[in-house]
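Comments concern the structure below.
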Amino acid sequence: MPVQKVNDSSDLDAKVPSHLQRTSITSLTTTSEPLHRCVKARVVHKGPVISCAQKDGIEMLRAEIKEEDPLQRSAEHASINVIFFGTLAKDFSQSARQGDVVLLADFTIKKSPSFLRDKLHPCQLEMDGKDACVYAKYTYVPLNNLKPKTVVNVYGVVTFFKQPFPSKGSDYCSTLKITDQTDVKVGCNIFSNKLEDHPVMFRVGDIIRLHRFKTDFFRDSMSLLNTYGWSTVTFDGTIDSPVVPRTPSKSFHFGESDIRMVQELRQWAANQSWISNDFTVSLSSVQPGMYFDLTCQLLAKAVMDSRCILLKVWDGTKCHHPLLNVAVASDALEGESTVAKDRMNLIANVLVYDNHLEVARDLKPGTFLRFYNLHTLLQRAPDQLPDQPEHLSFHLHGGTSYGRGLRSLPAESPALQSLKSVLEKHVDLDEYDEVNDGTLLEIWYTPPEAVDAEADTGPSYTVRTCEHNTRQLTLARVKHSTPPLSCHVRARVKKYKPQQLYQCLKLFCSNCKSMKDVPNDSAVAKVFRESAKDSQPCDEQWAATSSASSREPGRTISMHISRDMVGESTHTQLIFVEGTTLDEICVLSQDYKNLVPVRSVSGRMTLMDLTAPFLFSGDKRYYGCKQCSRNTFQNPVFSGVETWDEQTVAKALGVHLMQYRLLIQFELEDQTDTLEALLWENTERFFHVSAADASGSQDLQDKIQTIMDTIQPPDSSLAERPWLDLCLSVYTIKDNDRNKVCYQITNTEVKEE
DNA sequence: GGTTAGGCTTGG
């Protein structure tokens, strides 16, 4: 049996098997009953291991021990020689030191051959590996007292460590540096092919006990390397926290003296400057470009590729920088949905690379963990505009420099207790999506520029053109906001109205704000037919007239022109047309730039009912507002106009021109809500199409249709629809004396290919 | 009966 180690003198006593009888050294004689006796003594001398030539080269070691019982210590023959044989000799040499208290059992008692010389004791004890056993109390060597090439036990406070990493050989390697009250720092390497045998290190300041480590010189200072029968135990370094051993090994010695050692080291370390360095970096205190350790909880994870894994974590505090979200398909995500917490800037998206995947892969959502040497960077999302704030990304780079790594922490770890209490305050967040509680959001929402939707980083089919730098909000948040407000959203189009796109073309009066649909051809044709009934051509002094018979009997088509304009190009002339059908004026308008349909009322030229266009100009038709047009046609003023267009014609005729507008109502959708938003003031910029041009161009109407088919492909699933980055204006209108909140898309354009 | 590492940053 090898030398067995215990930590306390009291443990030594407890080790004495019941069949052994404790004997004092002074009472030992050659005639003593040798079996089942034991002595407890202190090592006063330990000789080297020598090879005994007389006994087939067996190894042996001589030691002198002295009675430990205080009443017997000063008596005669209180010291005695002990000879250890074989493996016990080597074992004792390595594990026992001068000054150690040992318990020897089942020895044999022989006459001492040296008694006449040393006067020590008439007997000597012989210990061989077959029967005898030694229990030795561990002693710990202060770090300033290490001798090279010895096997020692030490205690120390950890000033640096790396989590176990694969060495170039066959083992994992843990590397650490420790110090103690002597202020000497000692490096230490631990090799073992079993990860579970490595010390459980949580953070700098932890206390570690090393048993059976071999000392050696390396670069002018002492270093430690685990050797046969080695073990480690670690403890939290926090003063006054319970001294709970963290050990990977199943059996280990731990007693009162360990508690004392740990407490003394804690006390000493608390006054050292190196111990206090930022232990407590939380998301709320993270700055860009930092390297720091983060204690947090894993909520969800996703494998990005063979060299990168995404860990979505939180610590219950809110970052003051907008956090970069990493787009992941929901089916690739393991763990809970973090949509609500992402929105509230509570989630750090940590990208874990390369060698750290081995640890990260096995982490289960819900686990508490700690990152070492986590790196923060400001980063621009792929489609982010220059005027938006950059977002904070988290990288656990490959390699182990600076202790870079990560590990899970047991939920009962003292370092986690404050974190857990913070997290518990957030339990109601999980129900946020159901209750849509705006108050809760108000409380947690502070970073003005922050908060991103889940798919923040993907491409957008649109681009915002606004100069302002307002915050991006979720639709749920927009709905809870108080108008007036400008904001940015990222959404998809669930539906839109009108489905018949030609119906989105509207006539709008800027004066009375009335809006009406563009009359259809049959309504217009009817006005023409009725106007042509009075076939008597009108006769105005200011006009030159030419007339022709129509195909229909009794109907005359007349064209009038201001006498001032006679001889001008037909493309610059303003021509008044009387007696035509709608079809006929359409044919004429291909040759004449500006045609104003008129009718005759008792020989006087009069505008048609304003249901019909008051001006045909090429393919375009212009309408006047029935309510706002003053009929000044009786005395038209044509002078002072260089070129005739819809504006100058309208002014000359006293017509209030109605504007073409495009109006579409979108039903927007993101992860949080849906919202109906109008595309109205901004439509022309949105589509890069003029409404007036679109009114007369099938090509342009097709262009709008194509864009809409991209935004919301017919019969498409949500995922097939592109994300739109939109600038949104939130405002109120009076609707039957009640305030109604409206949402309008502004400052947004479809990206040009 | 003993290689490996023996701290020292940043690419994604």
Side-chain angles (χ1 to χ4, degrees), chain A residues 2 49 59 86-87 89-91 93-94 146 148-151 156 158-179 185-195 197-199 201 203-204 208 210 212-230 274 277 286-294 302-311 324 326-328 349-357 360 371-382 391-406 457:
Chain A
V49 179
E59 282 153 324
T87 55
K90 286 188 289 185
D91 203 13
S93 175
Q94 285 186 341
L146 296 174
K149 311 270 187 193
T150 55
V151 176
V158 176
T159 63
F160 171 80
F161 67 95
K162 286 183 178 184
Q163 297 295 345
F165 58 95
S167 71
K168 289 197 186 99
S170 55
D171 296 334
Y172 286 100
C173 175
S174 287
T175 176
L176 44 117
K177 188 161 271 183
I178 59 173
T179 187
K185 287 195 172 68
V186 174
C188 176
N189 287 305
I190 299 165
F191 291 98
S192 170
N193 58 1
K194 295 196 199 79
L195 267 180
D197 287 346
H198 284 257
M201 299 302 315
R203 62 183 186 186
V204 165
I208 191 163
L210 306 174
R212 288 183 151 275
F213 274 65
K214 198 163 81 181
T215 57
D216 208 348
F217 261 119
F218 181 75
R219 289 192 189 156
D220 297 333
S221 63
M222 206 58 78
S223 69
L224 294 164
L225 181 66
N226 59 323
T227 186
Y228 302 98
W230 67 281
W274 50 265
N277 54 12
V286 171
Q287 296 298 323
M290 273 176 82
Y291 290 93
F292 66 106
D293 296 348
L294 179 68
V303 173
M304 306 300 287
D305 58 54
S306 64
R307 292 182 63 187
C308 181
I309 203 164
L310 168 70
L311 300 182
L324 186 77
V326 178
V328 175
N349 287 270
V350 181
L351 292 167
V352 174
Y353 299 100
D354 301 342
N355 55 310
H356 308 299
L357 259 61
F371 292 99
Y372 304 94
N373 199 238
L374 189 58
H375 190 198
T376 53
L377 284 174
L378 276 185
Q379 217 166 303
R380 200 167 283 285
H391 290 190
L392 206 56
S393 60
F394 295 77
H395 302 267
L396 189 70
H397 297 296
T400 61
S401 300
Y402 279 82
R404 204 180 296 135
L406 77 167
T457 52

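Basis for what follows: all heavy atoms, side chains included, without hydrogens, waters or symmetry-related copies. Chain A is the first sequence line, chain B the second, and so forth, proteins listed ahead of strands; every chain is numbered from 1.
- Taking atom CZ on F218(A) and atom P on dA5(B), their separation rounds to 11 Å, with Å as the unit.
- Closest contact between the side chain of H395(A) and the listed nucleotides dG12(B), dT9(B), dA5(B) involves dG12(B).
- We find that CG of D220(A) is positioned 13 Å from C1' of dG6(B), with the value rounded to whole Å.
- Nucleic acid contact class of G399(A) (heavy atoms, under 4.0 Å, all strands): none.
- Residues of residues 168-179 of chain A having a heavy atom closer than 4.0 Å to DNA chain B, listed by number: K168(A), G169(A), S170(A), D171(A), C173(A), T175(A), K177(A).
- In this structure, F191(A) does not pack face-to-face on the six-membered ring of dT3(B), missing the 5.5 Å centre cutoff or the 30° plane limit.
- Using a 30° and 60° split on the angle between ring planes, W230(A) and H198(A) fall in the perpendicular class, above 60°.
- The same atom, P, is picked in dT10(B) and in dG6(B); the two are 15 Å apart, to the nearest Å.
- F160(A) has its CZ atom 11 Å from the C1' atom of dT9(B), to the nearest Å.
- When all heavy atoms are compared, the tightest approach of L396(A) to N373(A) is CD1-O, 4.1 Å.
- Contact annotation: side chain of Y402(A) to base of dG7(B), donor-acceptor pair absent below 3.5 Å.
- Proximity of a side-chain donor or acceptor of D305(A) to a complementary backbone N or O of R307(A) within less than 3.5 Å is detected.
- Residues F161(A) and V204(A) have side chains in contact (heavy-atom distance under 4.5 Å, counting atoms from C-beta outward).
- Residue S167(A) is classed as a base contact, given a heavy-atom separation below 4.0 Å to a base.
- Between the side chain of H375(A) and the base of dT9(B), no donor-acceptor pair under 3.5 Å is found.
- Residue-to-nucleotide contacts include a donor-acceptor pair under 3.5 Å from the side chain of T227(A) to the base of dG2(B).
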### Query
Should N189(A) and T175(A) be marked as a side chain to side chain donor-acceptor pair (under 3.5 Å) after you check the CA-CA gap, both sets of side-chain angles, and the distance that decides it?
CA-CA 5 Å; N189(A) 287 305; T175(A) 176; 3.1 Å; yes
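- Proximity note for H397(A) (side chain, C-beta onward) versus dG12(B), dT9(B), dG6(B): the nearest is dG12(B).
- Distances were taken from every side-chain heavy atom of K162(A) (C-beta onward) to each of dT9(B), dG11(B), dG7(B); the shortest belongs to dG7(B).
- Regarding D354(A), its CG atom lies at a distance of 14 Å from the C1' atom of dT9(B), rounded to whole Å.
- Closest approach of K149(A) to D216(A), counting heavy atoms only: NZ-OD2, 3.3 Å.
- Ring orientation note: the planes of F394(A) and F292(A) are nearly perpendicular, at an angle over 60° on the 30°/60° scale.
- Aromatic stacking is marked for Y353(A) over dG12(B), as both cut-offs hold: 5.5 Å for the centres and 30° for the planes.
- Within 4.0 Å of N226(A), counting heavy atoms only, lies at least one base atom of the nucleic acid.
- Between F292(A) atom CZ and dC8(B) atom P the separation is 21 Å, expressed in whole Å.
- At whole-Å resolution of the value, CZ in R380(A) and C1' in dG12(B) are 18 Å apart.
- Distances shorter than 4.0 Å separate some side-chain N or O of R219(A) from OP1 or OP2 on dG7(B).
- Between Q163(A) atom CD and dT9(B) atom P there is a gap of 19 Å when expressed in whole angstrom units.
- Using modelled atom types, one side-chain atom of H356(A) and one backbone atom of G399(A) make a donor-acceptor pair closer than 3.5 Å.
- The separation between L377(A) atom CG and dG11(B) atom P is 9 Å, rounded to whole Å.
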